[in-house]
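Below is one structure, written out as structure tokens; the observations come after it.
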Amino acid sequence: MEQEEIRQLFAATGAVLTGHFILTSGRHSDTYVQCALVLQYPEYAARLGAALAAHFGGTGAECVAGPALGGIIVAYEVARALGVRALFTERVEGVMRLRRGFNLEPGERVLVVEDVVTTGGSIKETAAVLQALGAEITGFGALVDRSGGKVDFAEPFYALLSVEAVTWDPAACPLCRAGTPAVKPGSRK
Ligand code: ZN
């Protein structure tokens with residue numbers, strides 16, 4: 001998939017919106033990212049998974065893993081394209097774990113993926129859990145990088161889309177100052 005085609009797909013499905021938004025954190029932003037809106041279409045999810053898989057095709061991943069919830073569909077579709085299995089980690093009382101009888105072979109090569117990387121916290125915690133179980137991490141992938149390229153990864157990182165997303169404290173928001181109304185994405189009208 002071409003970069004422009006990916007960008008249009010995210011825009012058309014409302015997965016990446018530009019405007020004036022109130023984020024869950026309470027901060028304001030000019031960009032809203034919600035990958036569930038593009039992933040709700042299985043056909044698009046499969047195409048995005050294949051595009052991500054194409055980048056990591058030569059790395060010999062034997063398994064793809066992602067953190068719940070955001071990483072589940074992405075891991076599944078990337079794994080489908082690579083012809084390997086998919087598993088997910090999940091938080092139990094705040095601690096990332098591999099549960100549900102999922103297992104890894106010693107030295108198994110695992111690609112770790114996520115929908116959106118902001119601080120890289122979840123995806124790195126997933127990698128740490130899998131490494132502790134003997135996995136070898138081959139790389140990190142995401143649909144969207146909204147970190148502005150600020151996250152450091154121990155292995156190669158690749159995202160389909162880079163979204164520059166600035167956030168402000170409401171009191172310092174230039175969009176509020178300009179008088180445009182802020183909207184809370186996902187809330188019913
Ligand atoms: Zn504002």
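Considering only heavy atoms from C-beta on, F10 comes within 4.5 Å of L143 through its side chain. Using a 4.5 Å heavy-atom threshold, the side chains of S147 and T118 count as separate. The shortest distance between side-chain heavy atoms of I72 and D115 does not fall below 4.5 Å. Inter-residue side-chain proximity for F153 and V117 is flagged as met; some heavy-atom pair is nearer than 4.5 Å. Looking at heavy atoms from C-beta onward, L17 lies out of side-chain contact with T31 at the 4.5 angstrom threshold. Taking 4.5 Å as the limit, some side-chain heavy atom of L111 sits within range of a side-chain heavy atom of L82. A 4.5 Å side-chain heavy-atom check between Q34 and V16 finds every atom pair outside the cut-off. Residues V84 and V64 are in side-chain contact: their nearest non-hydrogen atoms beyond the backbone lie under 4.5 Å apart.
In this structure E108 satisfies the salt bridge (charged side-chain N to carboxylate O under 4.0 Å, His left out) test together with R85, sequence neighbours excluded. In terms of the side-chain contact (heavy atoms from CB on, under 4.5 Å) criterion, residue partners of E5 (sequence neighbours excluded) are, by chain and number, M1, E2, R47. For the salt bridge (charged side-chain N to carboxylate O under 4.0 Å, His left out) test, residues two or more places apart in sequence or in another chain that qualify with E77 are R80. With sequence neighbours left out, Y32 forms a ring pair (Phe, Tyr, Trp, His ring centres under 6.0 Å) with F21. Residues that satisfy the side-chain contact (heavy atoms from CB on, under 4.5 Å) test with Y41, not counting sequence neighbours, are T13, Y44. Applying the side-chain contact (heavy atoms from CB on, under 4.5 Å) test to A182 and every residue at least two apart in sequence or in another chain returns H20, I22, H28. Judged as a salt bridge (charged side-chain N to carboxylate O under 4.0 Å, His left out), and not counting sequence neighbours, the contacts of R100 are E90. Remark: R27 engages T167 in a side chain to side chain donor-acceptor pair (under 3.5 Å) (not counting sequence neighbours).
The two residues L52 and A142 have their closest heavy-atom pair at CD1-O, 3.6 Å. Counting all heavy atoms, side chain and backbone alike, M96 lies closest to P67 at CE-CB, 3.8 Å. Nearest heavy atoms, C35 versus A15: CA-CB, 4.4 Å. The minimum heavy-atom distance between F140 and A154, with the atom names listed, is CE1-N, 4.4 Å. When all heavy atoms of A81 and A50 are compared, the closest pair comes out as CB-CA, 3.7 Å.
Identified under the side chain to side chain donor-acceptor pair (under 3.5 Å) test for residues 123-144, with sequence neighbours left out: T89-T126, R91-E125, R109-E136. Judged as a salt bridge (Lys or Arg N to Asp or Glu O under 4.0 Å), not a single pair has a partner in residues 57-67 (not counting sequence neighbours).
To the nearest 0.5 angstrom, L133 atom CG is 6.0 Å from L98 atom CG. Here the OG atom belonging to S29 is positioned 5.5 Å from the CZ atom belonging to R146, to the nearest 0.5 angstrom. To the nearest 0.5 Å, the span separating OG1 on T119 from NZ on K150 amounts to 12.0 Å. Interatomic distance, D30 CG to T180 OG1, rounded to the nearest 0.5 Å: 10.0 Å. Rounded to the nearest 0.5 Å, atoms CG (L48) and CG (L39) are 6.5 Å apart. Between I6 atom CD1 and E4 atom CD the span is 10.0 Å, to the nearest 0.5 Å.
Using a 4.5 Å cut-off between side-chain heavy atoms of Ile, Leu, Val, Met, Phe, Trp and Tyr, with links allowed through other members, V144 and V151 fall into different hydrophobic clusters. Y76 and V113 sit in two unconnected hydrophobic clusters of ILVMFWY residues. Membership requires side-chain heavy atoms under 4.5 Å apart, directly or through other members. I123 and V163 fall into different hydrophobic clusters, where Ile, Leu, Val, Met, Phe, Trp and Tyr residues are linked whenever their side-chain heavy atoms come under 4.5 Å apart, directly or through other members. Linking ILVMFWY side-chain heavy atoms closer than 4.5 Å, directly or via other members, places V78 and V38 in a single hydrophobic cluster. The hydrophobic cluster containing L69 also contains V129, counting ILVMFWY residues as joined when their side-chain heavy atoms lie under 4.5 angstrom apart, directly or transitively.
Grouping Ile, Leu, Val, Met, Phe, Trp and Tyr by side-chain contacts under 4.5 Å, direct or through others, puts L175 with V166, W168. Under the 4.5 angstrom side-chain criterion for Ile, Leu, Val, Met, Phe, Trp and Tyr, L37 has no cluster partners at all.
Shown here is Q3, whose CD atom has more than 12 heavy atoms of other residues, nucleotides or ligands within 6.0 Å.
Separation of the F88 and F102 ring centroids falls under the 6.0 Å cut-off.
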Check step by step if side chain to side chain contact (heavy atoms under 4.5 Å, CB included) holds for I137 and V112. CA-CA 7 Å; I137 307 303; V112 186; 3.9 Å; yes

